[in-house]
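In this text the structure is predicted, and so the values were computed from the model without any measurement. By convention here, the first residue in the shown sequence is residue 1.
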Amino acid sequence: MTTVFEQHGTGPRTHAFVIGVGDYPYCAEFDGDGPLSAAVRTFKPVAGPPPSARAVVSWLLENQAGNSFAPLGSVELLVSGEDSPSVENFKVAFERWYARCDEHEDNVALFFFSGHGCQKEGQLILLEDFGRWRNPFEGALKVETFAAGMEQCRAKVQCYFVDACRNLPYEMLESAPAQTFTPIPPDAVRRPRESVILFSTEPGATAPGSVDGPTPFTTTLLQALEGAAATKDRSGRWVIRTGDLVTAMNAVIEWQSGEQHGVWAGGGFQGARTIRHLDGVPVVPFRLGCDPREALACARLTLTCPDTSTVLSREPRPALWEDRTLAAVYTLNACFDGADYSDARSQHMPVHPPNLVFDLRVCGA
């Protein structure tokens with residue numbers, strides 16, 4: 001039984017299909033002497049995908065089940081060690097997921113995969129059956145073809161989150177085009193869908209992994225859905241839109257690691273459609289300093305928001321001021337008590353997701 005959640009109701013719903021492949025039992029003993037056989041044997045068990053899949057499901061159950069916009073309608077879960085993410089189980093779970101997504105044109109179809117992958121005539125994701133048959137690619141599917149076939153589904157908003165490597169083992173360079181299995185062949189006539197595909201890395205690169213928990217991509221994705229990708233709609237409500245996800249996720253990656261590249265977007269955007277509402281105001285992390293940086297050691301920093309009566313302050317110290325606060329428009333001040341700098345002018349600034357980094361310009365006394 002792969003259906004871990006199902007709740008019927010009227011109106012649009014979010015239907016999720018979540019896969020975490022950590023075990024590849026057929027790869028190590030794949031028979032053959034050619035370069036393709038050698039490439040198949042390079043795919044080893046991987047630790048991060050199962051906890052990543054479970055983390056996504058837990059987040060959906062806790063945060064989307066009662067959401068006012070397209071509340072969670074169902075979750076299909078295939079994960080190594082439980083319900084095997086084999087081709088056969090994929091087909092059965094896919095049919096259920098597709099049927100639910102197809103019930104309403106305003107449904108949100110959410111697909112998440114974490115496991116091995118490679119970039120061969122498109123992005124391939126490898127199920128647990130990879131290497132089971134003489135054609136090893138019968139245990140794989142091509143993401144772009146899968147998303148194109150899903151255009152037949154009535155759900156106009158479709159999100160595909162792919163946490164897999166996008167490199168190609170050199171042994172596969174001489175092999176014929178991959179003949180993968182296709183759960184739903186694309187039609188010749190394309191249908192307008194907002195099918196955003198987010199990859200965990202750029203083409204030709206290895207995806208960051210983990211050994212004892214969810215992968216960095218999964219953690220960043222959930223932070224974006226939680227509020228790091230939030231913007232205000234015309235009514236003033238904080239919402240998560242498809243078009244803001246990749247920018248927000250890369251900003252979170254740069255904030256946490258200093259890396260200026262990470263998540264890679266694909267798919268066929270038609271716009272920026274809402275996929276969830278926030279229940280309240282998002283919390284925004286910030287890093288504030290002074291320019292010149294040496295002034296921080298004697299600067300008393302204050303961040304105030306008249307609208308919410310919020311007052312945050314920090315006593316002088318050399319390090320940047322790092323904290324979190326609710327999204328709003330604030331005023332930043334720096335005061336110097338008898339130091340070599342004059343008090344800075346007030347700086348008004350929006351503190352909005354995903355984060356804020358700012359240095360307040362100060363002058364010598």
Check: Taking it one step at a time, do Phe130 and Phe43 satisfy ring-ring contact (aromatic ring centres under 6.0 Å, His included)?
Finding: CA-CA 9 Å; Phe130 183 71; Phe43 291 99; 5.5 Å; yes

Any donor-acceptor pair under 3.5 Å linking the side-chain atoms of [Y] with those of [X]?
{"X": "Asn89", "Y": "Ser84", "answer": "no"}
{"X": "Ser175", "Y": "Lys120", "answer": "yes"}
{"X": "Gln119", "Y": "Glu202", "answer": "no"}
{"X": "Ser80", "Y": "Asp23", "answer": "no"}
{"X": "Glu76", "Y": "Thr2", "answer": "yes"}
{"X": "Ser68", "Y": "Arg237", "answer": "yes"}

Give a yes or no on whether the backbone of [Y] and the side-chain of [X] come within a donor-acceptor separation of less than 3.5 Å.
{"X": "Arg293", "Y": "Leu320", "result": "no"}
{"X": "Trp97", "Y": "His15", "result": "yes"}
{"X": "Asn135", "Y": "Gln179", "result": "yes"}
{"X": "Arg166", "Y": "Thr201", "result": "yes"}
{"X": "Thr215", "Y": "Thr218", "result": "yes"}
{"X": "Arg317", "Y": "Ala297", "result": "no"}
{"X": "Asn333", "Y": "Thr302", "result": "no"}
{"X": "Asp129", "Y": "Ser86", "result": "no"}
{"X": "Glu29", "Y": "Arg41", "result": "no"}
{"X": "Asn107", "Y": "Arg100", "result": "yes"}

Checklist line | Full working for salt bridge (charged side-chain N to carboxylate O under 4.0 Å, His left out) between Arg154 and Glu103 | finding: CA-CA 7 Å; Arg154 292 178 66 203; Glu103 291 173 351; over 6 Å; no

Notebook entry, point to check: Which heavy atom of Met150 sits nearest a heavy atom of Tyr98, and at what distance?
Noted result: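 Looking at all heavy atoms of both residues, the shortest contact is SD-CD1, 3.6 Å.
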
Can you confirm whether [X] sits close enough to [Y] that some side-chain heavy atom of one is under 4.5 Å from a side-chain heavy atom of the other?
{"X": "Val362", "Y": "Pro292", "value": "yes"}
{"X": "Met349", "Y": "Leu356", "value": "yes"}
{"X": "Leu141", "Y": "Thr182", "value": "no"}
{"X": "Glu121", "Y": "Lys142", "value": "yes"}
{"X": "Leu124", "Y": "Thr180", "value": "yes"}
{"X": "Tyr341", "Y": "Cys298", "value": "yes"}
{"X": "Leu245", "Y": "Ile275", "value": "yes"}
{"X": "Val79", "Y": "Val18", "value": "no"}

Check: So Phe111 and Phe90, would you call those rings parallel, tilted or perpendicular, with 30° and 60° as cut-offs?
Finding: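 It falls in the perpendicular class, over 60°.
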
State plainly whether one hydrophobic cluster holds both [X] and [Y], where clusters connect Ile, Leu, Val, Met, Phe, Trp and Tyr through side-chain heavy atoms under 4.5 angstrom apart.
{"X": "Trp255", "Y": "Trp321", "value": "no"}
{"X": "Leu60", "Y": "Phe69", "value": "no"}
{"X": "Phe358", "Y": "Tyr330", "value": "yes"}

State yes or no: are the ring centers of [X] and [Y] separated by less than 6.0 Å?
{"X": "His116", "Y": "Tyr24", "answer": "yes"}
{"X": "Phe181", "Y": "Phe137", "answer": "no"}
{"X": "Trp133", "Y": "Tyr26", "answer": "no"}
{"X": "Phe199", "Y": "Phe217", "answer": "no"}

Check: Do Arg54 and Trp59 meet the cation-pi criteria used here (NZ or CZ under 6.0 Å from the six-membered ring centre, within 45° of the axis)?
Finding: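 Here Arg54 fails the 6.0 Å and 45° test against Trp59.
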
Checklist line | N-O pairing of Arg193 and Glu151 below 4.0 Å | finding: no

Margin query: Between Lys156 and Glu105, does any NZ, NE, NH1 or NH2 come within less than 4.0 Å of an OD or OE carboxylate oxygen?
Written below: yes

Next item on the list: Pick out which of Val196, Thr231, Val157 makes a side chain to side chain contact (heavy atoms under 4.5 Å, CB included) with Arg241.
Entry: Thr231

Notebook entry, point to check: Between Tyr160 and Phe112, is a ring-ring contact (aromatic ring centres under 6.0 Å, His included) present by the stated rule, with each step listed?
Noted result: CA-CA 6 Å; Tyr160 302 87; Phe112 174 89; over 10 Å; no

